[in-house]
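Down below is the structure, laid out as structure tokens.
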Amino acid sequence: MTSKNARMLERTARRRLRRDGAAFVAGLGIGLAPRHRSLPAGSEASAAFDDLLDRLVRLLAVTRGPGHVDELLRLLAASRPDDSEHDRYVASLLASCQRPADLAAVYEEKAVASGELRACLLHELVLRGVPVAELPGIAAWATSPHWRDHPLAALPLVPTEPERDPDLPAYSVDGSSCGFPYPDPDDRYPAPRLDAAPAAVETTTAATARAMASAVANWAEHPEEPEGRVEARTFAFAEPLEPDGVPGALLALGLDCLTDLGELPEPGRRTAFGVVPVEAAEVWQLLFAASSTGGAYDSACYGAYGRLHAWRSLAALAGAPPDAPPSEVEARVRECTWYRFGADTPWFHRVVWDLGVLALSPDRRRLAVLAATTTD
């Protein structure tokens, strides 16, 4: 199998899908799967097969038609069994392009669908505002106890307030597009007042830092993101922080991400360092994008796990206990004051993927800081 042959077979599959239906496309992939498995991993022929099989999966997933979902499941069972990362991707494709009523086929007892695909698809639909608990076929699976130990089972089946308007990818047979909610690295802000900050003590624990960084872990841990950096820390102040005092307090904390910031201009001038009050929904959007679409390389977790990781980060930033139910997390998030910040320092790459967010507790004495950056 060569790349040229793979492209030719894909063109044939597109034509025959219109003429002969989804069974032909699935049958083509199923027939090729045994030969694919016999090839040495990493070989040119194996890569060509990989690409072709992925294109056949995508063709069935993004094109609506009778039997498309059933035939896709048949193809997945033959070509990509027990591939949880691929299941996340397929769930995103299906939720974006297929009708919810047609997706009930994934949850039928006779369907050869993995539990991972079902769990991810469920939360991809939730993100799109689909009332999954009201859909026959899906509701029975979604509310059954048998998957309660799955990590995604901790998420509510309706979007919380910060999740009401997620920036989700759009797919076609030939590609995809998604938004980039990160601030422009060339943004300039009014020079902040740098009032003397109350005394602060760092309170970061390893567990809290991990939880706060959940949404950006793929930037720092993915093998193809060598330039990824994350800083997640919490601080307790002796006195409540006033709103105008947040920038000065932030600079006094000795953060790695703000080292070598340089001298700020006089008030009234504009600078690359800024702290901007935002709604919790904007912070969630940044966290969700960081996890779901990834960084410069293919470190995307897609919608379901993007939601889970953004939820964990938001909860930890707000100071919610790790085992807090969604209603408690949502209340904590609502009570906090949220900010985003940016800076021109050597720590930030200042390409596209720069993130800086703050959560100030209701008593204004706890400040949680999360910063992340990566580049291509």
Side-chain angles (χ1 to χ4, degrees), residues 50 53-55 57-62 69 72-73 75-76 79-98 100 103 106-107 113-130 132 138 142 147 150-157 159-160 162-163 165-182 213-225 228 284-314 353 355 372 374:
D50 272 334
L53 289 170
D54 281 344
R55 288 175 180 274
V57 165
R58 190 184 187 101
L59 179 60
L60 289 174
V62 306
V69 174
L72 171 63
L73 296 178
L75 174 56
L76 290 173
S79 64
R80 302 295 290 260
D82 304 319
D83 189 338
S84 58
E85 289 190 14
H86 192 254
D87 286 339
R88 300 174 189 181
Y89 162 67
V90 173
S92 184
L93 293 175
L94 287 170
S96 178
C97 301
Q98 298 290 338
L103 293 174
V106 177
Y107 298 90
S114 69
E116 185 73 358
L117 177 61
R118 287 169 168 163
C120 290
L121 179 57
L122 181 73
H123 286 285
E124 291 278 2
L125 291 171
V126 171
L127 284 167
R128 289 161 175 79
V130 176
V132 292
I138 298 179
W147 71 296
H150 193 285
L152 294 174
L155 295 171
L157 295 181
T160 61
E163 302 173 307
D165 189 26
D167 193 353
L168 297 165
Y171 296 101
S172 69
V173 175
D174 295 308
S176 61
S177 62
C178 63
F180 282 90
Y182 311 106
S214 294
V216 288
N218 52 342
W219 289 12
E221 296 173 0
H222 194 277
E224 292 183 351
E225 300 273 0
W284 184 86
Q285 283 277 15
L286 291 168
L287 298 171
F288 177 70
S291 183
S292 63
T293 62
Y297 298 92
D298 187 15
S299 55
C301 293
Y302 301 100
Y305 279 88
R307 185 187 185 208
L308 177 65
H309 297 154
W311 182 259
R312 287 175 174 170
S313 286
L314 201 68
W353 300 273
L355 181 150
T374 189

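Only this structure's heavy atoms are used, side chains among them; waters, hydrogens and symmetry mates stay out.
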For Pro166 and Phe288, the nearest pair of non-hydrogen atoms, with its separation, is CB-CE2, 4.3 Å

Counting distance only, does the side-chain N/O of Arg118 pair as donor-acceptor with the main-chain N or O of Ser114 below 3.5 Å? no

Taking the side chain as every heavy atom from C-beta outward, state whether Ser172 and Val62 have any pair of such atoms under 4.5 Å apart. no

Glu124 (side chain) donor-acceptor with Gly303 (main chain) under 3.5 angstrom:
yes

Any idea how Tyr305 and His150 line up, ring-wise: parallel (<30°), tilted (30 to 60°), or perpendicular (>60°)? tilted

Here the gap from Arg128 atom CZ to Leu168 atom CG, rounded to the nearest 0.5 Å, amounts to 4.5 Å

Check your understanding: Can you tell me if Trp147 uses its side chain to pair, donor with acceptor, with the backbone of Gly115 under 3.5 Å?
Key -> no

Nearest heavy-atom approach of Leu75 to Leu60 is CD2-CD1, 4.1 Å

| request: Check whether any side-chain heavy atom of Leu122 lies under 4.5 Å from a side-chain heavy atom of Leu157, and answer yes or no. | output: yes

message = Using side-chain hydrogen bond (donor to acceptor under 3.5 Å, both in side chains), reason through Ser291 and His309 one step at a time and then give a plain yes or no.
response = CA-CA 7 Å; Ser291 183; His309 297 154; 2.9 Å; yes

Donor-acceptor pair, side chain of Tyr107 and main chain of Ala142, under 3.5 angstrom:
no

Between Pro169 and Ser96 the two heavy atoms that sit nearest each other are O-OG, 3.6 Å

Value for CG (Asp87) from CG (Leu121), rounded to nearest 0.5 Å, stands at 10.5 Å

Between the CG atom in Leu308 and the OG atom in Ser292, the distance rounded to the nearest 0.5 Å is 12.0 Å

For Glu116 and Arg88, indicate whether the former's side chain and the latter's backbone hold a donor-acceptor pair under 3.5 Å. no

Worksheet entry | Thr374 side chain vs Trp353 backbone, donor-acceptor pair below 3.5 Å | no

Separation between CZ (Arg312) and CG (Leu314), nearest 0.5 Å, reads 13.5 Å

Validation row: Trp311, Thr160 side chains within 4.5 angstrom (heavy atoms): yes

Tightest non-hydrogen contact, residues Val216 and Ala290, listed as CG1-CB, 3.8 Å

CG (Leu72) and CG (Leu117) are apart, to the nearest 0.5 Å, by 8.0 Å

In this structure, CG of Leu155 is separated from NE2 of His123 (nearest 0.5 Å) by 5.0 Å

### Query
Under 3.5 Å, is there a donor-acceptor pair between the Tyr302 and Arg307 side chains?
no

Salt bridge (charged side-chain N to carboxylate O under 4.0 Å, His left out) filter on Arg80, not counting sequence neighbours, yields Asp54, Asp83

Scan side-chain atoms only and decide if Tyr171 and Ser92 contain a donor-acceptor pair under the 3.5 Å cut-off.
yes

When you compare the side chain of His86 with that of Val57, does any pair of heavy atoms fall below 4.5 Å?
yes

**Message:** Test side-chain contact (heavy atoms from CB on, under 4.5 Å) on Val106 and Ile138; report intermediate values, then the result.
**Reply:** CA-CA 8 Å; Val106 177; Ile138 298 179; over 6 Å; no

Taking every heavy atom of Ser313 against every heavy atom of Leu287, the minimum-distance pair comes out as CB-CD1, 3.9 Å

Between Leu125 and Ala95 the two heavy atoms that sit nearest each other are CD2-CB, 4.0 Å

